[in-house]
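Bear in mind the structure is a predicted one, so any value in this text is a computation, not a measurement.
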Amino acid sequence: LKITYTFEIEGLSVFTPTWTFPKNGNPEAKWMEDPLMEKMIFSLGMVELVSYWKITCSPQVVIEAGSLSEEQILWWKDLYFNGLGEFFYVNKITEADPEGFMEIVCPLSEEESAANSYEKKQDTAGAEQGVLVPVGGGKDSAVTLELLKGADVPVFAYIINPRGATIHTTESAKLTADHVISVHRTLDKRMLQLNKEGFLNGHTPFSALVAFSSVIAARMAGLSYIALSNESSANESTVQGSTVNHQYSKSFKFEEDFHQYQTDHLPGSAYYFSMLRPLSEFQIAKYFAKQKQYHKIFRSCNAGSKTDSWCGHCPKCLFVYLILSPFLSREEVKEIFGTDNKVAVCDPVYPVYVDTNVMAGRTGEYNTVRENFDGVIYMPCRKENGFLPELPSEVPDLIYLCFPNNPTGSAITKDELQKWVDYANKNGCVIIYDAAYEAYISEENVPHSIYECEGARTCAIELRSFSKNAGFTGVRLGF
């Protein structure tokens, strides 16, 4: 089942994101003739639209693909306003208020009645009481899977855009292929381009997308329940002294609101609840620490999500390290973060690249004779090789590159940088690419970003800084 939504910002662009769902359960079912499915698809589009609305924060939203009652309009505006709280805060949109930030214009529907008693869900043999568990690749969904497996109920995993950690989680849970439902969501490239051009961007209520898309997947598979992995802290504000909540669509308020929306407008859809709602992060970590089959494969690092790795520096990595430390030995925690990963750096090198890896435990012992670390691959940059490193014969896990280089000042052509990208993809390496001096590039054949190279998005993390071209050195601010 492929769904294409069409959104338009008049005078700017048309956007056509898609969702693709596998025909689980009953492949012969004619889902487009199912009135409940039609309402579910429309509702998912109502969540999807906010990713495109935020580009310009248009004061008016015109709905042409369906109708809403006055009560539904208020419901959607409440989700948008609360789910975009962090977006408004980060973009300093202080004038936004719950009533006036958006006007939704659409045909008004009649109050829904008993006519909404849709047909019973399409049956899947043995799965009618089954539970669908959205899996993001972190520790929380792994805990939910194990708790439900212990309850001896049929468990199905739900994955949006499968990646290494999500796939490995289902494998570690010993779920067979027919118990894994993978859907694919695309973002319109024109939106991504507008973000690069400076149009508004920021956090949207992604878990609301999970909610409305999972009820579609559950109906197609004939499942009665959807078990989320949202815990108690999701109810808390993430900006002190405000109601801004980065995790709003994981909160209990949203869960209650969603239940009400299902009851009023999507009756017959699977029951949606969070399995871990009563638990704290500490309690979840204690349980997860015993599930050692997941320790090497789970990932909670946003910075390393595209490369299925831990960056070892971000708040997410720090939190996971701290929350598991009371329950695991130091060696076990270090094993999770791959502190045995081999690091390659240019020589000479900006000292911080090595120093941070010393603190992370990746460099081995300091060799007083060579005056460097035994566990680091040093790539000489000398006059003889044009101050450019050569591809290492010993394959590292992490490669640090800085161009234009600090301290040598050398630059690298796109063709030469492409060799590094190809090498990393071939050998499963992650490139940490420092582009702090990018603003000083003037040559046409020297790339401003590693992402100009084909395949870089599957192996590279690029870092930028305000310290060089804006004089913010003392602020220590980068992105």
Side-chain angles (χ1 to χ4, degrees), residues 1-7 14-49 63-69 72 76 106-135 154-162 170 175-188 208-227 258-259 261-272:
L1 174 64
K2 183 172 182 179
I3 306 164
T4 301
Y5 296 103
T6 301
F7 306 111
V14 175
F15 311 95
T16 54
T18 65
W19 283 78
T20 305
F21 292 80
K23 285 193 172 183
N24 298 80
N26 186 353
E28 304 301 321
K30 297 179 179 179
W31 291 113
M32 297 314 296
E33 297 177 7
D34 177 357
L36 176 55
M37 180 63 74
E38 183 179 352
K39 289 182 178 291
M40 288 177 171
I41 291 172
F42 174 74
S43 299
L44 177 59
M46 288 295 295
V47 191
E48 189 71 78
L49 78 79
I63 308 295
E64 297 180 347
S67 60
L68 296 169
S69 67
Q72 284 176 289
W76 284 106
C106 68
L108 292 179
S109 64
E110 299 295 329
E111 290 299 321
E112 298 175 76
S113 63
N116 269 349
S117 56
Y118 304 115
E119 287 184 19
K120 185 174 178 290
K121 292 180 289 298
Q122 301 280 354
D123 283 332
T124 300
E128 178 63 18
Q129 297 300 314
V131 184
L132 187 66
V133 179
V135 172
V155 177
F156 293 73
Y158 174 64
I159 302 174
I160 300 174
N161 294 341
T170 63
L175 296 182
T176 56
D178 60 333
H179 278 234
V180 178
I181 300 173
S182 298
V183 307
H184 295 270
R185 176 201 181 206
T186 66
L187 294 172
D188 193 294
L209 279 173
V210 175
F212 280 98
S213 63
S214 64
V215 295
I216 294 175
R219 182 160 178 81
M220 294 180 71
L223 304 177
S224 297
Y225 301 97
I226 301 166
F258 186 72
H259 283 164
Y261 196 89
Q262 285 183 290
T263 300
D264 294 342
H265 309 292
L266 303 174
S269 55
Y271 185 79
Y272 173 95

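Closest non-hydrogen pair, Val14 versus Asp188, comes out as O-OD2, 4.2 Å. Closest heavy-atom contact between Lys23 and Met220: CA-CE, 3.9 Å. Among all heavy-atom pairs drawn from Ser269 and Met40, the shortest one is CB-CE, 3.3 Å. Annotation for Leu132 and Ala218: closest pair CD2-N, 3.9 Å, computed over non-hydrogen atoms.
The shortest distance between side-chain heavy atoms of Val47 and Trp76 falls below 4.5 Å. With a 4.5 Å cut-off on side-chain heavy atoms, Trp19 and Leu1 do not count as touching. Residues Leu44 and Leu209 have side chains in contact (heavy-atom distance under 4.5 Å, counting atoms from C-beta outward). Side-chain contact between Val183 and Tyr158 is present, with at least one heavy-atom pair separated by less than 4.5 Å. The side-chain heavy atoms of Phe212 and Leu266, taken from C-beta on, include a pair separated by under 4.5 Å.
Thr6 is linked by a side chain to side chain donor-acceptor pair (under 3.5 Å) to nothing, counting only residues two or more places apart in sequence or in another chain. Partners of His259 under the ring-ring contact (aromatic ring centres under 6.0 Å, His included) rule, at least two apart in sequence or in another chain, are Tyr271. Every residue two or more places apart in sequence or in another chain that forms a side-chain contact (heavy atoms from CB on, under 4.5 Å) with Phe42 is listed here: Met46, Ile63, Leu68.
Side-chain atoms of Gln262 come within 3.5 Å of backbone atoms of Ala270 as a donor-acceptor pair (strictly under, hydrogens ignored).
Residues Thr18 and Thr186 have side chains that bring a donor and an acceptor to within less than 3.5 angstrom of each other.
In this structure, Glu64 CD and Cys106 SG are separated by 11.0 Å, a value rounded to the nearest 0.5 Å. Note: Phe156 CZ to Ser214 OG = 14.5 Å, rounded to the nearest 0.5 Å. Note that OG of Ser224 and CZ of Arg219 are 11.0 Å apart. Values are rounded to the nearest 0.5 Å. To the nearest 0.5 Å, atoms CD (Glu48) and CZ (Phe15) are separated by 12.0 Å. Atoms CD1 and CD1, on Ile41 and Ile3 in that order, are 4.0 Å from each other to the nearest 0.5 Å. The CZ atom of Arg185 lies 9.0 Å from the OG atom of Ser213; values are rounded to the nearest 0.5 Å.
Classified by interplanar angle (parallel below 30°, tilted 30° to 60°, perpendicular above 60°), the ring pair Tyr5/Phe7 is parallel.
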